[in-house]
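Heavy-atom basis, side chains included; hydrogens, waters and symmetry copies ignored. What you see is a predicted model; the values in this text were computed from it and never measured.
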Amino acid sequence: MRSMKDRIHMDPASTLKRIPLAPHQNTSEITPTQDLFVLAHMGVPRVEPEDWCFEIGGLVDTPRVFHLDDLKSYPKHSVQSVHECAGNPMTPEIPTRRVGNIVWSGVKLASLLDAVGVKPDAGYLWSFGLDTGEFEGIPVDQYCKDLPLWRVAAGDVLVAYELNGAPLPPEHGYPARLFVPGFYGTNSVKWLQRMELADRRLDGLFTTTFYNDEMSSTAIDSRSRSKPVWEIAPESIIVSPAPDTRLSATRHTIEGWAWAATGIASVEISIDGGDSWRKARVNERSEWSWQRFTFDWCPEQVGPATLSVRAFSTTGECQPANGKRNAVHNVNIVIDSN
């Protein structure tokens, strides 16, 4: 009998990228499915639901295979969460602002792990997708990522089969995918094939080669000079006014979204390109969502102006000025005389 991987085909069989919205077009609190960015490293596996299943094994008491009906037999759990691409792993210092806010539904991963029984020496979860092919000229048998078990214990990690109340579209991981709220999208493996519990990180192209940020030797500990790209760093975008807008010298409201894995404590606005900063109003977070900010402003000078925004997480981390994937967002506008 042919394996599941033999019963799928890749369509397309190469990198797929679709970015429908620029930052200023993110006007909805919940991003419509058709407007959510699509990034698939090696293309999109096409699989029929009756052909699909995935296994949980490794450091467990009882390895088990789950079919789609098995997942749906568990209570359905929904999570509203920001979903952000970590950017191009070849140029991690360049912000891409590929982000949306989505309602994901499925079964809690913790429930599935309870069903198989995790052994005490397990510290990581390895997840493998059905996507296969080539990335940056490197042959890849399948996409795979690792996840620390402390994140599963923190709650709301899903094996998701719905997006915004409907079955996952093929490009977003149909029939089922991992979703990790508060972690960059690269960690939420699509088109799940199997999971393994392990006592160490997974050594691979998308785990220990790419998607690691260089750090000083003291930033993590004396033995490590890099950090896996897991938790979403504080970031914010200006939605209004849009770039190149011409405004009158009257009262206006600057508004947008801010987000971080731990949530946002404060947001600051600059109307002079970062020379000075003023506090904005920030809404409280709902579940794992982004947070709306607003700032009332009356321009005092006419001519070109650069608006900037930076966010601070609840742990005190600040959005950097430049050189990072979450660098400060700037918007150039023009103030006209009345």
- Query: Does a side-chain N-to-carboxylate-O contact under 4.0 Å join Asp156 and Lys108?
  - Reply: no
- Message: Between Arg201 and Asp146, does any NZ, NE, NH1 or NH2 come within less than 4.0 Å of an OD or OE carboxylate oxygen?
- Response: yes
- What residues form a side chain to side chain contact (heavy atoms under 4.5 Å, CB included) with Thr91, not counting sequence neighbours? Asn88, Glu93, Ile94
- Just by modelled atom types, is the Thr207 backbone N or O under 3.5 Å from a matching donor or acceptor in the Asn212 side chain? yes
- Remaining members of Val79's ILVMFWY cluster at a side-chain heavy-atom cut-off under 4.5 Å? Ile19, Leu36, Phe37, Leu39, Ile102, Trp104, Leu158, Leu163, Leu168, Tyr174, Phe179, Trp288
- Identify whether the distance between the nearest side-chain nitrogen and carboxylate oxygen of Arg97 and Glu235 falls below 4.0 Å. yes
- Message: When you measure from the centre of the six-membered ring of Tyr161, is the NZ or CZ of Lys72 closer than 6.0 Å and no more than 45° off the axis?
- Response: yes
- Message: Going by the rule salt bridge (Lys or Arg N to Asp or Glu O under 4.0 Å), which residues pair with Glu268 if we only count those two or more places apart in sequence or in a different chain?
- Response: Arg310
- State plainly whether the residues Glu162 and Lys76 are in salt-bridge range, i.e. N to O under 4.0 Å. yes
- Can a salt bridge be assigned to the pair Asp61 and Lys119 using a cut-off of 4.0 Å between side-chain N and carboxylate O? yes
- Message: Is there a path of hydrophobic side-chain contacts, each under 4.5 Å between heavy atoms, that joins Leu149 and Val116?
- Response: yes
- Message: Quick one about Ser289 and Gln80 (side-chain donor to acceptor, distance below 3.5 Å, no hydrogens or angles considered), yes or no?
- Response: yes
- For the residue pair Trp290 and Trp257, categorise the inter-ring angle as parallel (less than 30°), tilted (30 to 60°) or perpendicular (more than 60°). parallel
- Message: Under the criterion salt bridge (Lys or Arg N to Asp or Glu O under 4.0 Å), I'd like the reasoning laid out for Arg246 against Asp336: C-alpha separation, chi angles, the key distance, then a yes or no.
- Response: CA-CA 7 Å; Arg246 302 188 75 93; Asp336 292 328; 2.8 Å; yes
- Does a donor on one side chain sit under 3.5 Å from an acceptor on the other, for Ser78 and Ser105? yes
- Task: Determine whether the side chains of Gln291 and Glu284 contain a donor N or O and an acceptor N or O closer than 3.5 Å.
- Result: no
- Query: Any sub-3.5 Å donor-acceptor pair from Asp296's side-chain atoms to Thr253's backbone N or O?
  - Reply: no
- Message: Hydrophobic clustering (ILVMFWY, side-chain heavy atoms < 4.5 Å, transitive) - are Val282 and Val328 grouped together?
- Response: no
- Query: Under 3.5 Å, side chain of Ser188 to main-chain N/O of Val180, donor-acceptor pair present?
  - Reply: yes
- Main-chain N/O of Ala122 paired with Asp199 side-chain donor or acceptor, under 3.5 Å: no
- Query: Would you call the rings of Trp126 and Phe128 parallel, tilted or perpendicular, where under 30° means parallel and over 60° means perpendicular?
  - Reply: perpendicular
- Item | No-hydrogen, no-angle side-chain donor-acceptor test under 3.5 Å, Ser308 and Asn330 | yes
- Is it the case that Ser81 and Glu287 place a side-chain donor and acceptor less than 3.5 Å from each other? no
